[in-house]
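Proteins get letters first, then strands, A, B, ... in listed order; numbering begins at 1 in each. Basis for what follows: all heavy atoms, side chains included, without hydrogens, waters or symmetry-related copies.
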Protein chains: 2
Amino acid sequence: MSAPDSSEPNRRLKMADIASMVGVSTSTVSRALAGNPVIPQALRERIEGIARENGYVVNQQARGLRMQRTHVINVAIPLGHESGQLISDPFFLEMIGRLADEITARGYELLLSKVAAPEAGWLERMARSQRVDGVLVIGQSDQHEALNATAEWYEPLVVWGGAAEGARYCTVGVDNFAGGRMATEHLLALGRRRIAFLGPPQAPEVALRYEGYREALAAAGVAYDPTLTATTHFTLSDPTEGVRRLIDEGASFDAVFAASDLIGLESVRVLAAEGLDVPDTVSVVGFDDIALARQSVPALTTIRQNLAEGAARMVDLLFRRMAGEPAPSAMMQPSLIVRQT
Amino acid sequence: MSAPDSSEPNRRLKMADIASMVGVSTSTVSRALAGNPVIPQALRERIEGIARENGYVVNQQARGLRMQRTHVINVAIPLGHESGQLISDPFFLEMIGRLADEITARGYELLLSKVAAPEAGWLERMARSQRVDGVLVIGQSDQHEALNATAEWYEPLVVWGGAAEGARYCTVGVDNFAGGRMATEHLLALGRRRIAFLGPPQAPEVALRYEGYREALAAAGVAYDPTLTATTHFTLSDPTEGVRRLIDEGASFDAVFAASDLIGLESVRVLAAEGLDVPDTVSVVGFDDIALARQSVPALTTIRQNLAEGAARMVDLLFRRMAGEPAPSAMMQPSLIVRQT
DNA sequence: ACTGATTGCGCAATCGATTGCAAGAAAATT
DNA sequence: AATTTTCTTGCAATCGATTGCGCAATCAGT
């Protein structure tokens, strides 16, 4: 008995419904809603008005099928060598947030795929499903080969990570080698000589940081000691064990270069718990400059990656590639942020 | 001059291509790939084989249009009262990760929408675009009305948050009122009497925590002092000011109940920087139990929300609603985790 | 060998939009 | 008034899959 609402959403409206309400064909409605100038302004406004009043929204499936584009970007996070299921590193959150801003600003949507245990062909399926117009991969993980294989024929693909050897895919990232060198040089300048390295070296970006570390050691004439390298994942519990292992094995070290801030922060915590004072006894440098690095006590010295710029670059390159222009990889300079550790 | 690869992906394959390669109609290919038993096993395997060899992947746009479902779930994060653009709270990352697991496990994809400055009708557009089969909203923010309006006619909608008064939408969350009470009772049990509250009370879930706080005070016969309430956002820089403001205004307090761990951790840091010892002079309790709460020094006492369970519940309810079954809101019990603050 | 049941597979309609082409109406020109 | 030009607007094909219906081939039963 209630008066019929202006919007009575019993059934999903299609363009034909709007067309018959206005008394025109779907062609006209389609053109009007697309802002095509061949439709006179008066009529266009009438159509827009009726569409709005009835809460009509274009069916994106149909539109996508006809137009051969979806206005969706796939953001994939491969977790190849991460044992745990969870992404616990805030680095990802900031990156996702920045990418979301950039993608939304261009009128696109973001399809997030967490690729927990990469099966063969995951990236190829992603590229061929035609569900998305482009793919961004955050971190190479151990998927270097898969990336190369797909990049061979799929243009709109941009990867955040290191410029791995033999990579034929487009990467955006900071100069990880330089970052590793800067971190190590900083520790050397503090007088540290026994510098440990903590991180997952299977990931190309970490491998480059590691090379920078060894390069800096060599340049300073400090002998490289393999027992000071501990392999850990990016997850939260793993670095704990990594640091403990170093201590338990009796390795004597006076500094830690951690492959990520999360690993760095955890190292600081474990060292403190073991009675090793940071920074008096042991210095620590992280990588990323996540928000928590600044906030923690003591504040973590780290190598900063500018994610705002990085995300903007990735999206910029991706859209160029989607437009058919070839876009080259980009490398940005990291910077050393000296804090208390 | 290179030998033609087994997969020559010059052009995107459609089902008709596979059909002509096998020598059958698209109907048969479609049925075979869908595992329809009317297709004899031998033929089905031949079709599957050829499809695989040629890297054929079903066009999801076309499939979605025909089937009237997309196999995509929209996860929306409204940031109504967050001044900053960024989601910096790790709570979101863990939640997104858990939801991604649940959604992927059911063969669906996750479309992530960061709704930075909610415009009128954002949720309605989301629901009507037919780009997704259901919508999950993480946190009510200040969008209570929008949620109510859309829930009126759109079934597959589940919200993470508090059971706000007059909410006609389906919510999943912990009992925020009980959580607020538990936190406050814990502080009272420690002998604290001047307990400050920090958080954004516009969000319904925070409002409930606040009510629990006041309820506990009243039950203990401790006078409520409005000058001990400071409004802050969930971002990282804002709590800093919130705490400083309390101190600067000369409010004397011996405990802080923070509406989130991020606010709690920041409070600890600021208090320490101001020379107020935690926990000797001031006790702090947070909310969420993010990974960092355990890891920080001193480790943060907090009210734990079980996000793994919460995410599973949300997705479970959403899929029930997508199937047309009415599914009621769910409330889980939080638990007090006593640590060092 | 003939009828009826069963199985295997293709035809063609359908999902909801977009757009090239062209027809009819209106305006401008001669 | 007749013709040309310009505006509007609709017809119908198209994007790539799914599926109800029905025809032909195979098989079983007598």
If you pin S30(A) and P40(B) to their nearest nucleotides in DNA chain C, which one's is more 5'?
P40(B)
Taken to the nearest whole Å, CG/D17(A) to P/dC15(C) is 12 Å
Could you verify whether a donor N or O on one side chain and an acceptor N or O on the other, from E152(B) and Y169(B), lie under 3.5 Å apart?
no
Would one find a side-chain N or O of S27(B) under 4.0 angstrom from OP1 or OP2 of dG10(C)?
no
Please give, in whole Å, the distance from dT7(C) P to N36(B) CG?
13 Å
Using OP1 and OP2 only, check whether a side-chain N or O of R31(B) sits under 4.0 Å from dT19(D).
no
If the plane angle is over 60° it's perpendicular, under 30° parallel, otherwise tilted; pick one for W160(A) and F91(A).
tilted
Quickly work out the R44(B) CZ to dC9(C) P distance and round it to whole Å.
12 Å
By nearest atom, which of the nucleotides dA17(C), dC15(C), dG10(C) is closest to the L65(B) side chain?
dC15(C)
When the nearest nucleotide of DNA chain D is assigned to V24(A) and to V57(B) on a heavy-atom basis, which residue is associated with the more 5' position?
V24(A)
Checking all strands, does I39(B) fall into the base, sugar-phosphate, or nothing category for heavy-atom contacts under 4.0 angstrom?
nothing
R106(B) to F319(B) six-membered ring, cation-pi geometry met (6.0 Å, 45°):
yes
When you check the phosphate oxygens OP1 and OP2 of dG16(D), does a side-chain N or O of Q68(A) lie under 4.0 Å from one of them?
yes
Between P of dT18(C) and CD of Q61(A), the distance in whole Å:
14 Å
Quick one: R66(A) CZ to dA17(C) P, roughly how many Å, whole number?
13 Å
How long is the line joining CD1 of I18(A) and P of dT9(D), in whole Å?
17 Å
Could you say whether T28(B) or A62(B) is positioned toward the 5' end of DNA chain D, judged by the nucleotide with the nearest heavy atom to each?
A62(B)
Could you state the CZ-C1' distance from R12(A) to dA17(C), rounded to the nearest angstrom?
15 Å
Where do L33(A) and A51(A) come nearest, in terms of heavy atoms and distance?
CD1-CB, 4.5 Å
Gap between atoms CE and P, on M15(A) and dT19(C) respectively (whole Å)
10 Å
Ion pair present between E102(A) and R98(A), side-chain N to carboxylate O less than 4.0 angstrom?
no
Closest approach to the side chain of K14(B), judged atom by atom: which nucleotide of dA17(D), dT9(D), dA13(D) is it?
dA17(D)
Kindly say if Y56(B) contacts the phosphate of dA17(D), meaning a side-chain N or O under 4.0 Å from OP1 or OP2.
yes
